[in-house]
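Step one of this worksheet: look at the structure below.
Since the model is a prediction, treat every value here as computed from it, not as a measurement. Atoms within each ligand, like the ligands themselves, are counted from 1 in listed order.
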Amino acid sequence: MSSTVLVTGGLGYIGSHTVVALIEAGHRPVIVDDLSNSSIAVLDAIASLTGTRPTFCQLDVADRGALTAVFDDENIDSVIHFAGLKAVGESVEHPLRYYVTNYGATLSLLSEMMAQGVHDLVFSSSATVYGVTETVPIDEDAPLGAINPYGATKLGIEGMLEDVASTGGWRIALLRYFNPVGAHPSGAIGEDPAGIPNNLMPYLMQVAVGRREQLMVFGDDYDTPDGTGIRDYIHVMDLAEGHLAALDHLREGCRAFNLGTGAGASVLDVLAAASLAVGEAIPYVIAPRRAGDAACVYADVTRARSELDFSATRTLEEMCVDHWRWQSLHPYGFAGPDTVESL
Ligand code: NAD
Ligand code: UD1
């Protein structure tokens, strides 16, 4: 059934792919984004991909007055809340910025939803809420813990949403993403990180496109088959479809779901698949382990399969081919080389 979905942070990496999926499924997304980590060019790309230009309001979600105007004008049925800061290292350097932004936006949004009688919410959480775990696969009942301020905000917001839902009438899904990678198969939208990427796939794709010299593989002495870290990479289009499934299956209360593939790939597996996609070997060196990294992390996806009827279907090869198409078409993202820092 078609509905109007407020998408906070809808011009960002995961939000923009979800907006495309919403439009294709017949929904009407209304995007709010302050453009702090995205470009207005994404809106044009969404319009040319889907033939629909979604309603967009540039605002900070923490600005309650601006949010009220959107709810008053747009007849919102439900909300997907992506907006927030997400860089782990930056959160350690500037913890207050993370608490203020991530909590501030969520408190403002929840207060407005309450005032407007809108009680259906899908929240972007993260596998980071499991802290550093040694037991895989990780299911939703695994112990929780934060190892940095970013993780603490995700964990804190999950707790806040559980408390709110316990008052009755709310239907909330907490989606714990594992490692989102890839891009829309058109190459028109994709991940456009500001500064030096922290995460594996955007970093190695910037090496492949010539923006960086080589990938540093953080540790080859883990207790894994090839010694490098294992993660559960999920194609961003699968992730986008996971949001639609979560919306379709919202139930009274607050429920957490892992969104991953349920399978792990090592850093060397990703390098091999990416090199194949790019058509040449991507240079790398072995470097020391990164502080705070676990050896092996992948999801138990049973709950999403049984309760949301959702399974990720795209392969690591597709993730690399699609991420490379985006990166090679937009070597410097949406900003272009003049406004992006060089090597
Ligand atoms: P992103 O930075 O690309 O997108 C976030 C969007 O929100 C950006 O467009 C930014 O401009 C906007 N924004 C930030 N603060 C805002 C505010 N106060 N008001 C309005 N707009 C604001 O990030 P993403 O990778 O698409 O991640 C989306 C969500 O998913 C985040 O909450 C992130 O923590 C979570 N998440 C991401 C990953 C990942 O690897 N990308 C993993 C787990 C969880
Ligand atoms: C990181 C964050 C985590 C966040 C997740 C998704 C840390 C410690 N953890 O997790 O909180 O939820 O991103 O945003 O930052 N790697 C390299 N070289 C690189 C980059 C990464 O070898 O230049 C390795 C890592 O050691 C790891 C794997 O690649 O084994 C994946 O790393 P990354 O993409 O950063 O994701 P996570 O470690 O899962």
What do you reckon, are the aromatic ring centroids of [X] and [Y] less than 6.0 Å apart?
{"X": "W326", "Y": "Y332", "result": "no"}
{"X": "Y98", "Y": "H94", "result": "no"}
{"X": "H243", "Y": "F310", "result": "no"}

Shortest protein contact, [atom] (heavy atom only):
{"atom": "atom 16 (C) of ligand 1", "answer": "D34 OD2, 3.4 Å"}
{"atom": "atom 24 (P) of ligand 1", "answer": "K86 NZ, 3.7 Å"}
{"atom": "atom 34 (O) of ligand 2", "answer": "L200 N, 2.8 Å"}
{"atom": "atom 29 (C) of ligand 1", "answer": "F82 O, 3.3 Å"}
{"atom": "atom 6 (C) of ligand 2", "answer": "N199 ND2, 4.0 Å"}
{"atom": "atom 28 (C) of ligand 2", "answer": "Y233 OH, 3.5 Å"}
{"atom": "atom 19 (N) of ligand 1", "answer": "V61 N, 2.9 Å"}
{"atom": "atom 15 (N) of ligand 1", "answer": "G84 N, 3.6 Å"}
{"atom": "atom 7 (C) of ligand 2", "answer": "R290 NH2, 3.8 Å"}

What atoms in ligand 2 come closer than 4.0 Å to a heavy atom of [X]?
{"X": "N179", "value": "36 (O), 37 (P), 39 (O)"}
{"X": "D293", "value": "8 (C), 25 (C), 26 (O), 38 (O)"}
{"X": "T128", "value": "11 (O), 12 (O)"}
{"X": "N198", "value": "20 (C), 35 (O)"}
{"X": "V217", "value": "22 (O)"}
{"X": "V88", "value": "2 (C), 3 (C), 11 (O), 15 (O)"}

Under 4.0 Å between a Lys/Arg side-chain N and an Asp/Glu carboxylate O for [X] and [Y]?
{"X": "R28", "Y": "D77", "answer": "no"}
{"X": "D141", "Y": "R303", "answer": "yes"}
{"X": "R176", "Y": "E140", "answer": "no"}
{"X": "D322", "Y": "R314", "answer": "no"}

- Task: Give the contacting part of E191 toward ligand 1: side chain, backbone, both or neither, where contact means a heavy-atom distance below 4.0 Å.
- Result: neither
Close N or O approach ([X], ligand 2; < 3.5 Å):
{"X": "I230", "result": "no"}
{"X": "R231", "result": "yes"}
{"X": "Y203", "result": "no"}
{"X": "N148", "result": "no"}
{"X": "F218", "result": "yes"}
{"X": "M216", "result": "yes"}

- Would you say G12 has any N or O atom under 3.5 Å from an N or O of ligand 1, going by distance alone? yes
Going by the atom numbers of ligand 1, which of them fall below 4.0 Å from some non-hydrogen atom of [X]?
{"X": "S125", "value": "43 (C), 44 (C)"}
{"X": "S124", "value": "29 (C), 30 (O), 32 (O), 35 (C)"}
{"X": "S38", "value": "8 (C), 9 (O), 11 (O)"}
{"X": "Y150", "value": "33 (C), 34 (O), 35 (C), 36 (N), 43 (C), 44 (C)"}
{"X": "S36", "value": "10 (C), 11 (O), 13 (N), 14 (C), 15 (N)"}
{"X": "I14", "value": "25 (O), 26 (O), 27 (O), 30 (O), 37 (C), 41 (N)"}

- Item | Under 3.5 Å donor-acceptor, D33 side chain and L11 backbone | yes
Measure from [atom] to every heavy atom in [options] and give the option owning the shortest one.
{"atom": "atom 2 (O) of ligand 1", "options": "D60, L67, N37", "value": "N37"}
{"atom": "atom 20 (C) of ligand 1", "options": "L59, L109, L35", "value": "L59"}
{"atom": "atom 43 (C) of ligand 1", "options": "P202, A127, S39, S126", "value": "S126"}
{"atom": "atom 30 (O) of ligand 2", "options": "G229, A146, A265, S125", "value": "G229"}
{"atom": "atom 9 (O) of ligand 1", "options": "T8, D33, L11", "value": "D33"}

- side-chain hydrogen bond (donor to acceptor under 3.5 Å, both in side chains) pairs, two or more places apart, involving residues 147-157: N102-T153
Does the side chain of [X] come under 3.5 Å of the side chain of [Y] through a donor N or O and an acceptor N or O?
{"X": "H81", "Y": "T106", "answer": "yes"}
{"X": "T228", "Y": "D220", "answer": "no"}
{"X": "N75", "Y": "T4", "answer": "no"}
{"X": "S266", "Y": "D269", "answer": "yes"}
{"X": "N179", "Y": "Y298", "answer": "no"}

- Message: When you measure from the heavy atoms of H81 to every atom of ligand 1, does any distance fall below 4.0 Å?
- Response: no
Are [X] and [Y] packed together at the side-chain level, in the sense that at least one heavy-atom pair is separated by less than 4.5 angstrom?
{"X": "D72", "Y": "Q116", "result": "yes"}
{"X": "Y13", "Y": "N37", "result": "no"}
{"X": "V70", "Y": "L6", "result": "yes"}
{"X": "N198", "Y": "V88", "result": "no"}

Counting neighbours of [atom1] on [X] that are heavy atoms of other residues, nucleotides or ligands and sit closer than 6.0 Å, is the number greater than 12?
{"X": "Y284", "atom1": "OH", "answer": "no"}
{"X": "D309", "atom1": "CG", "answer": "no"}
{"X": "D226", "atom1": "CG", "answer": "yes"}

- Within reach of ligand 2, part of Y222 (heavy-atom separation under 4.0 Å): neither
- Proximity of V267 to ligand 2 by residue part, where a heavy atom lies under 4.0 Å: side chain
Can you tell me if [X] contacts ligand 2 (heavy atom of the residue under 4.0 Å from the ligand)?
{"X": "Y130", "result": "no"}
{"X": "S126", "result": "yes"}
{"X": "V297", "result": "no"}

- Query: Transitively linked via ILVMFWY side-chain contacts under 4.5 Å: V267 with L204?
  - Reply: yes
